[in-house]
Each structure stands twice: as C-alpha cells, then as structure tokens.
Amino acid sequence: MTVALMPPQELALEDQFADLAARHVAPRSAQAYEAEVLDRLAWRRMAADGLWRIGVPVELGGTGGTWRDLATAIAGIARGSDDLGFTLSLIAHAGLVRALVEHGTAWHHRHILPPLMRGAIGATALTEPHGGSDVARTRTVARRADDGWYLTGTKDHITNAPVADRALVLGRIPDLGRRDITLFLVNLRSPGVRRGSPEELLGLRTSPTGALHLDDVFLPEEAVLGRPGEGLATLYDIISFDRALYGLVAAAYLEPRLDAVLRFSREREAFGAPILDHQYVQGRITDIRITIETARAVSLAGIDALVARDPEASLRCSVAKLIGSEGLVEAAENLMRLQGHTGYMRGDVSRDLQDALGTLIAGGTSEMQRKNILNQMLATRRQA
Ligand SMILES: Cc1cc2nc3c(=O)[nH]c(=O)nc-3n(C[C@H](O)[C@H](O)[C@H](O)COP(=O)(O)OP(=O)(O)OC[C@H]3O[C@@H](n4cnc5c(N)ncnc54)[C@H](O)[C@@H]3O)c2cc1C
C-alpha cells in the first residue's frame, strides 16, 4: 500500500518496528490499558532495539539517517502495537530527542541526550491549568540564581509526566522584557518537582498524563534550550515534528484495522449477501482508505519540509495533524458503525474510538492547527 510513497529501505524499517511492536507491545496492550500504565518493559525494548538512535547523527551516538527514518519507525510501531496510547507516548519523547539534536548545545548532547536514547522517558510541558491553546500566556516563571535559574509554575495534562525522567518546559524570564518566552530542560528528579496523580482519561490509557508542579526548581545555566527569549520560535519547530507524527501514526494505525474490517464485511451477511456488497458499506470502507492515503501523504510532506528546513514546514505539519486526527476519529467511527452492535460493545473497536478522540486535543486542537495554517500563510505571503 505504501510502495509509491516510501522507498524499499523505509518500508523495511517500518516492517522491522511493526514486527517488534507486534511481539513486545501488542501482547500486553490490553493489560496495560486495564492498569492504565505505560508499558515500561516495551519502552525499554524499543530503546534497546535502537529506536531513539534513529535520526540522531552518528557523532552524537545515534545511527544517523533523517527524522523521516525515526517517523517511519514510529509509524511501524503504530501499525504493529495495537496501542495508540503507547505510540502517543513515543511521539512526546521523539519531539524531545529531535529538539535536543536540532537546538541543543554540546553540553546537552553530552549530558541530556544519551540517557534519552537509552530508555529514559521524556515529556514536553506547555499546557497550564488556565489553558493550553494560548501557550504564550505561560505563567511559569524563571528568576535568576547566581549560577542558573529558579523555575516555578504548574503544568497540566502532560503526556508521560507521571513517569518521565526529563521534561522540556515552556516558561518565561520576566527580566528579559517583552520577548521573554524560554524553553528549559528540567530533570524531573530534582528537588522542588512534584508530580500530580495520573489523570483519568476517556481513552489513551496506556499513555499516562498528569501535572507537574515546579516550586523554585534550581536549574543550571545550561538548562536553557535555544536562546533565552526565543522560546516560541524554537517551540514551533519542535512541535511541528510531533504534529506530522500524529498524521503518520493515524495512517499506520488504521492499516490493520482496515484489513480486519474488510474481512468482517466479507463474512458478515445481511439481506442475503455479504455486507461488503452494499454500497453504503463500501463507501465507509473506501473513506477509511482515503484517510490512510491522505494522512500519510501530507505527513510525509510535512516531515520532508522540516528536514529540508522549508519555510512552510510548520504549515504543512499542522495540515498533517489536522487531517490525521480528524480522519482518525472519522475512521474509528466508521469502523464501529461497520461492526454494528459488536463495534459498540466494550472492546477493541470502541477503545479505538475513545483513543482516537484524544488526538483531537493532544498536540493542539484542530482550531489551533487552522490558526497556525493561516498565520503561516500570511507570514510567507508577507515575505514574498
Ligand atoms: C491525551 C492528551 C495528551 C496531552 N499531552 C500534552 C503534553 O504532552 N504536553 C502539553 O503541554 N499538553 C498536553 N495536552 C494538553 C493539550 O495540549 C491541551 O489540552 C490543548 O492544547 C488544548 O488546551 P486546553 O485543554 O487548555 O483548551 P483551551 O485552550 O482552553 O481551549 C478550549 C477550546 O477553545 C478553543 N479555542 C481556544 N482558542 C481559540 C481560538 N483563538 N480560536 C478558536 N478556538 C479556540 C480550543 O480549540 C478548544 O476547543 C494533552 C492533552 C491530551 C488530551
């Protein structure tokens, strides 16, 4: 199905990680969902098999390649794992790994990147109790210490927060004046960091989310990622990768579900014929395939634009997120409808719908993607 868009070595990488996930994530996924925990054993296994070294330059301890390779491996895990939540936890971590490589200093590469490649867990903390869409209104504040910073604030609904080792935290340095938004790398085992309880969610229960309370957390000078005051521009690059990943993962996650519903539609009969013979059923099935094709194509275009440092990369990644998450929800609903009452019963199909709904909000809502698309269009038109 993916042949035209992906060269053979990419298909092989996707298959390799799909197979790994089928053996090490899928078998425990239902149990992890029940317990509402991240499968740490599976996480460690993915790290041991080199997931977090993909895309990282060889001189930094990685295996080289591009971020498209890492995205491909994560798409493989989405396809093989039967676990959207686990995959979203991977996306949160992937954003941090790429951020460190792209925007980090030699100090970050030496001290922070290696554990994250070996199996430590990362998070990106933007949202606060008063809101997540308008990230520039962050109330998390850093004040000067002799040899660093003291960071204070509360972050909410953060993927991996209950279990993460390291977080990228958005805050401000009021002493800088108007342009004060800054990104900080916080060791979550530091004094002054307190984690909220894992949140109870409608779905995505294998991807724990929660609050992070930061109370005068001391950070060394080197904890700033990118330039102080330039955090928003850096952040937009970082979250663009996450957004494109949402689209690619949506396509990959739907592939085995499409195969399964095709089998079901051939076997299930109504009005003396397999339901697949009925045109309205065919329409729902083709819609799922169209979502897979579209989400994959726009996501790969977004990732390629990021890799090429194309000025429209952020716009394209927002398109990928929007098409991917809206399409995933529509497809999950179609999968449920096609399987009638069985689809509505508590089980894999209804779990897919519950999980899919979370992607409308995580990674920024569809309204925020539209807003970014327009802002980027206007910005590039102004430059033209
Ligand atoms: C499963 C999951 C995982 C998450 N993981 C993380 C994470 O790892 N890190 C993190 O920082 N956050 C995370 N979040 C939080 C998420 O990013 C925010 O919930 C999201 O950005 C929306 O913020 P909010 O909930 O505060 O809604 P609000 O910002 O309060 O918005 C409420 C509604 O108003 C709409 N709205 C707001 N402003 C406008 C506007 N200008 N025009 C039109 N509509 C508007 C929004 O689209 C939304 O529908 C996660 C959320 C979920 C569900």
Side-chain angles (χ1 to χ4, degrees), residues 33 36-38 83-99 116 121-140 153-172 181 183-186 188 195-196 198-214 225 231-232 234-236 238-243 245-246 249-250 253 317-318 321-322 324-326 328-329 332 351-375 378:
Y33 202 79
E36 304 193 20
V37 292
L38 177 76
D83 196 328
L84 191 62
F86 184 80
T87 314
L88 291 202
S89 276
L90 296 179
I91 292 182
H93 184 89
L96 179 54
V97 169
R98 178 178 171 275
L116 292 169
I121 300 174
T124 302
L126 317 174
T127 304
E128 299 186 1
H130 64 273
S133 300
D134 192 0
V135 287
R137 298 279 157 149
T138 175
R139 294 176 189 169
T140 298
T154 297
K155 298 290 177 180
D156 234 351
H157 318 314
I158 307 306
T159 298
N160 297 343
V163 291
D165 301 286
R166 177 78 61 174
L168 182 65
V169 176
L170 187 78
R172 59 173 75 250
I181 305 282
L183 289 165
F184 299 92
L185 289 156
V186 179
L188 296 178
R195 298 167 205 252
E199 293 166 345
E200 288 185 23
L201 303 181
L202 174 65
L204 297 172
R205 294 183 192 156
T206 51
S207 176
T209 64
L212 290 172
H213 305 279
L214 311 169
L225 183 78
L232 271 188
T234 313
L235 180 71
Y236 273 106
I238 294 170
I239 60 178
S240 289
F241 186 51
D242 295 29
R243 287 172 170 175
L245 281 175
Y246 271 86
V249 157
Y253 191 71
C317 293
S318 274
K321 168 68 175 54
L322 182 92
S325 56
E326 295 284 350
L328 181 63
V329 170
R351 172 182 157 179
D352 278 343
L353 183 55
Q354 287 176 304
D355 285 356
L357 284 168
T359 69
L360 294 177
I361 299 172
T365 63
S366 295
E367 292 78 12
M368 289 308 104
Q369 307 310 327
R370 287 184 191 282
K371 192 164 170 344
N372 186 44
I373 291 165
L374 183 73
N375 288 344
L378 297 179

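Numbering of residues begins at 1 and proceeds along the displayed sequence. As the structure lists them, so they are numbered: ligands from 1, and atoms in each ligand from 1.
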Protein heavy atom at shortest distance from atom 43 (C) of ligand 1
E367 CB, 3.8 Å
Short side-chain to backbone donor-acceptor contact, R195 and A161, under 3.5 Å:
yes
Taking the side chain from T206 and the backbone from F86, do they hold a donor-acceptor pair closer than 3.5 Å?
yes
Give the residue and atom name of whichever protein heavy atom lies nearest to atom 46 (C) of ligand 1, and the separation in Å to one decimal.
T365 OG1, 3.7 Å
Between D355 and Y33, is there a side-chain donor-acceptor contact under 3.5 Å, judged purely by atom types and distance?
yes
Minimum-distance protein heavy atom relative to atom 30 (O) of ligand 1:
G131 CA, 4.4 Å
Mark yes or no for whether R243, through its side chain, and Q369, through its backbone, hold a donor-acceptor pair below 3.5 Å.
no
L204: numbered ligand 1 atoms lying under 4.0 Å from its heavy atoms
1 (C)
Are any side-chain N or O atoms of K321 and backbone N or O atoms of T359, one a donor and one an acceptor, separated by less than 3.5 Å?
yes
CG of L126 to CD1 of I158: how many Å apart, nearest 0.5 Å?
6.5 Å
To which protein heavy atom is atom 24 (P) of ligand 1 closest, and what is the distance rounded to 0.1 Å?
G132 N, 3.6 Å
Under a plain distance cut-off of 3.5 Å, with no hydrogens placed, do N160 and S89 share a side-chain donor-acceptor pair?
yes
Hey, is atom 32 (C) of ligand 1 under 4.0 Å from any protein heavy atom?
no
Nearest non-hydrogen protein atom, atom 12 (N) of ligand 1
T127 OG1, 2.7 Å
K371 heavy atoms within 4.0 Å reach ligand 1 at atoms 41 (N)
At what distance is the nearest protein heavy atom to atom 28 (P) of ligand 1, and which residue and atom is it?
S133 OG, 3.6 Å
Note the single closest protein heavy atom to atom 25 (O) of ligand 1, along with its residue, its atom name and the distance in Å.
I361 CG2, 4.6 Å
Number the atoms of ligand 1 from 1 as they appear, then name those within less than 4.0 Å of a heavy atom of L126, with their elements.
10 (C), 11 (O)
What do you reckon, does T159 have a nitrogen or oxygen under 3.5 Å from a nitrogen or oxygen of ligand 1?
yes
List the steps, then state whether side chain to side chain donor-acceptor pair (under 3.5 Å) holds for S366 with E326.
CA-CA 8 Å; S366 295; E326 295 284 350; 2.5 Å; yes
Candidate list V169, L168, L212, test side-chain contact (heavy atoms from CB on, under 4.5 Å), partner V186, passing option:
V169
At under 4.0 Å between heavy atoms, is it the side chain or the backbone of A92 that contacts ligand 1, or both, or neither?
neither
Will you find, in the side chains of E367 and S133, an N or O donor that is under 3.5 Å from an N or O acceptor?
no
Heavy-atom nearest neighbour in the protein, as seen from atom 2 (C) of ligand 1, with distance rounded to 0.1 Å:
A362 CB, 3.4 Å
Nearest protein heavy atom to atom 35 (C) of ligand 1: under 4.0 Å?
no
Taking heavy atoms and a distance under 4.0 Å, where does N160 meet ligand 1: side chain, backbone, both or neither?
neither
E128, H157, R205: member with heavy atom nearest to atom 14 (N) of ligand 1
H157
Matching residue for Y253 among D352, T87, D83 - test: side-chain hydrogen bond (donor to acceptor under 3.5 Å, both in side chains):
D352
